[in-house]
Amino acid sequence: MNRRTAREVIDALADEGSVESWDTPIVDLPPEQSYADELRRARETTGVDESVLTACVRIRGHRVAVVVSEFGFLAGSIGRDAGARMAAAIRRATAERLPVVALPASGGTRMQEGTPAFLQMVPVTAAVVAHKAAHLPYLVHLRHPTTGGVFASWASLGHVTLAEPNALVGFLGPRVYEGLYGEAFPDGVQRAENLRAHGLADLVLDVDGLATVVDAVLRIVGARPAAVDALAAPASVPLQSGSAWDVVTASRRGDRPGVREVLSRIASDVVDLSGTGEGESDHGLLVALVRLDDTGVVIVGQDRRLQRPGSRLGPAALRVARRGMQIAADLRLPLVTVVDTPGADLSVEAEEGGLAGEIARCLADLISLPVPTVSMLLGEGAGGAALALLPADRVIAASGAWLAPLPPEGASLIVFRDTDHADVLAERQGIRAHALAARGIVDHVVDEGDPARDPAGFARAIGAAITGAVAAVSSVPVADLVATRGDRLPP
């Protein structure tokens, strides 16, 4: 792999002529002669004074702080001077209200300094925690290689985590593993692509593509909804013809657009996030940073295309959803949940994985989330998987959407001991959007037209309803929203 120097990485990322170094020169050498000689040679070879460079740059016009490892300097290892430089840069970025982009490439702790170097991960992590607590973006691009204590601290804390193609990324370096255990570490495990498959990295891309993603994230974070005067109720939508069962069967059609199709038509920027960041993923649950018109939001949406028998939403999907909720809180972005699910996974694995507990924790998180929230019923809304994304400051629904404690067939089994009465139960339970609105469960029903024949019109209607709802709830103090959120739904 062609490894770039830290300065080459900064030049590839920054707008021309925008680099302002934040580094105070390090000239002292340790008293131990052999280590001092190593440092002297590293400085001569690389042309830099430590394993980390920090700077303020502009990326597509955005002022950003960057922290970049120089792997050529003692394998990018972190000692006391490097750790102090990093922590100071991150603290300065926090004070100046700047986002941080961290680009590690490191073998981890500098062994020549021992425990004091090892402990540098604590103040660096503390600086990152304070930066995120200030609601400022922290983005990470994992370069080849990133291992050891670096991966176990500041390299694993990004709101968005990207990785260089085929980069070696792992906690225990393969050479150390082989020396300790007498066998090679399995191929492919500690690679960027495998991390993404397991929900530990959001996107795999080279540094040449990084500026585009950083630009998109910062545009989204900086896009705020237009102010409105009050939570005005939109005009009502006429009731569609047909029965509740007709609505259920239409919502299951293969040509009905889902959340990804809608976003592809209405979003200016979409940055997909993959998995929990903690080793789990579920592609049936979409989490993304999104810009709709001039409104930046976090979308947590159920993808109807990827929920089929045998691959329904399980506890991992809800943990992915909770990551999206946390990012919304961290970045002070409105949260939009999109409900479109035939139901949760009903399996031994889901039970043992804590499905019920994850539904409860999603509900608790949504009720207490310190940002404006909107829930969009887009299509099917069956059971606990739907309920987990429902509580919000405003609930809107497509006219062809529905919400029920079970799919109508399941309700029929409980009441009639067969599935033949699903249509009866769908009508009796009042599950369609207009019935929900009449009972105060839904605040607004969106006329969806004919989604299959006019997907663009469907997307525009949904997008307008979402942005209008986000603007409305964003006009209310967050403390007032949180105080009343749990009491919104009618008894």
Charged N to carboxylate O below 4.0 Å: is that the case for [X] and [Y]?
X: Asp393; Y: Arg485; answer: yes
X: Arg92; Y: Glu96; answer: yes
X: Asp282; Y: Arg312; answer: no
X: Glu280; Y: Arg323; answer: no
X: Arg361; Y: Asp365; answer: no
X: Glu261; Y: Arg256; answer: no

Revision key, fill the gap. Test side-chain hydrogen bond (donor to acceptor under 3.5 Å, both in side chains), reference Thr341, set Glu380, Gln302, Gln307, output is Gln307
Nearest atoms (heavy-atom pairs only) where [X] meets [Y]:
X: Ala267; Y: Val290; value: CB-CG1, 3.8 Å
X: Val445; Y: Val442; value: CG2-CG1, 4.2 Å
X: Ala288; Y: Val270; value: CB-CG1, 4.0 Å
X: Pro137; Y: Leu218; value: CG-CD2, 4.1 Å
X: Pro342; Y: Pro407; value: O-CG, 3.7 Å
X: Ala350; Y: Ser347; value: N-OG, 3.0 Å

Using 0.5 Å steps for rounding, measure from the [atom1] atom of [X] to the [atom2] atom of [Y].
X: Thr125; Y: Trp154; atom1: OG1; atom2: CH2; value: 10.0 Å
X: Leu355; Y: Asp345; atom1: CG; atom2: CG; value: 7.0 Å
X: Leu425; Y: Ile414; atom1: CG; atom2: CD1; value: 9.0 Å
X: Ile466; Y: Leu263; atom1: CD1; atom2: CG; value: 7.5 Å
X: Asp269; Y: Leu289; atom1: CG; atom2: CG; value: 10.0 Å
X: Arg196; Y: Thr161; atom1: CZ; atom2: OG1; value: 12.5 Å

Check your understanding: Could you walk me through whether Ser375 and Thr337 pass the side chain to side chain donor-acceptor pair (under 3.5 Å) check?
Key -> CA-CA 5 Å; Ser375 180; Thr337 64; 3.2 Å; yes
Is a side-chain N or O of [X] found less than 3.5 angstrom from the main chain of [Y], in a donor-acceptor match?
X: Thr373; Y: Ala392; value: no
X: Arg394; Y: Pro372; value: no
X: Glu164; Y: Asp206; value: no
X: Thr146; Y: Pro104; value: yes
X: Glu193; Y: Asn166; value: yes
X: Ser156; Y: Ala152; value: no
X: Lys132; Y: Gly158; value: no
X: Arg304; Y: Ser251; value: yes
X: Glu448; Y: Phe458; value: no
X: His198; Y: Gly277; value: no

Practice item. With salt bridge (Lys or Arg N to Asp or Glu O under 4.0 Å) as the test, would you mind laying out the steps for Glu358 and Arg322 before giving the verdict? Key: CA-CA 9 Å; Glu358 287 304 325; Arg322 293 177 62 215; 3.2 Å; yes
Contact between [X] and [Y] at the side-chain level, heavy atoms closer than 4.5 Å - yes or no?
X: Leu136; Y: Thr94; value: yes
X: Leu389; Y: Val300; value: yes
X: Val101; Y: Val214; value: yes
X: Leu210; Y: Asp208; value: no
X: Val160; Y: Val140; value: no
X: Leu413; Y: Thr419; value: yes
X: Pro408; Y: Ile431; value: yes
X: Leu335; Y: Leu366; value: yes

Review point. Side chain to side chain contact (heavy atoms under 4.5 Å, CB included) between Leu387 and Leu363: does it pass, once the steps are laid out?
Key: CA-CA 8 Å; Leu387 180 66; Leu363 292 173; 4.0 Å; yes
Exercise for review: Could you go through the side chain to side chain contact (heavy atoms under 4.5 Å, CB included) check for Thr147 and Phe171 one step at a time?
Suggested key: CA-CA 5 Å; Thr147 62; Phe171 178 57; over 6 Å; no
Please say whether more than 12 non-hydrogen atoms of neighbouring residues, nucleotides or ligands are located less than 6.0 Å from [atom1] in [X].
X: Arg253; atom1: CZ; result: no
X: Asp418; atom1: CG; result: yes
X: Arg453; atom1: CZ; result: no
X: Phe185; atom1: CZ; result: yes

Looking just at side-chain N and O atoms, do [X] and [Y] make a donor-acceptor pair shorter than 3.5 Å?
X: Gln190; Y: Asn194; answer: no
X: Asp202; Y: Ser274; answer: no
X: Asp246; Y: Ser243; answer: yes
X: Arg60; Y: Thr212; answer: yes
X: Asp330; Y: His159; answer: yes

Point to revise | Derivation and outcome, side chain to side chain contact (heavy atoms under 4.5 Å, CB included), residues Leu103 and Val67 | key: CA-CA 6 Å; Leu103 300 102; Val67 177; over 6 Å; no
Point to revise | Step-by-step side chain to side chain donor-acceptor pair (under 3.5 Å) determination, Asp303 to His283 | key: CA-CA 8 Å; Asp303 187 348; His283 297 297; over 6 Å; no
Review point. Once the angle between the rings of Tyr138 and His131 is folded into 0 to 90°, is it parallel (under 30°), tilted (30 to 60°) or perpendicular (over 60°)?
Key: perpendicular
Practice item. Dump the intermediate steps for side chain to side chain contact (heavy atoms under 4.5 Å, CB included) on Val66 and Leu13, then the final yes or no. Key: CA-CA 10 Å; Val66 295; Leu13 187 59; 4.1 Å; yes
Practice item. Please list, chain by chain and in numerical order, all residues satisfying side chain to side chain donor-acceptor pair (under 3.5 Å) with Asp293, sequence neighbours excluded. Key: none
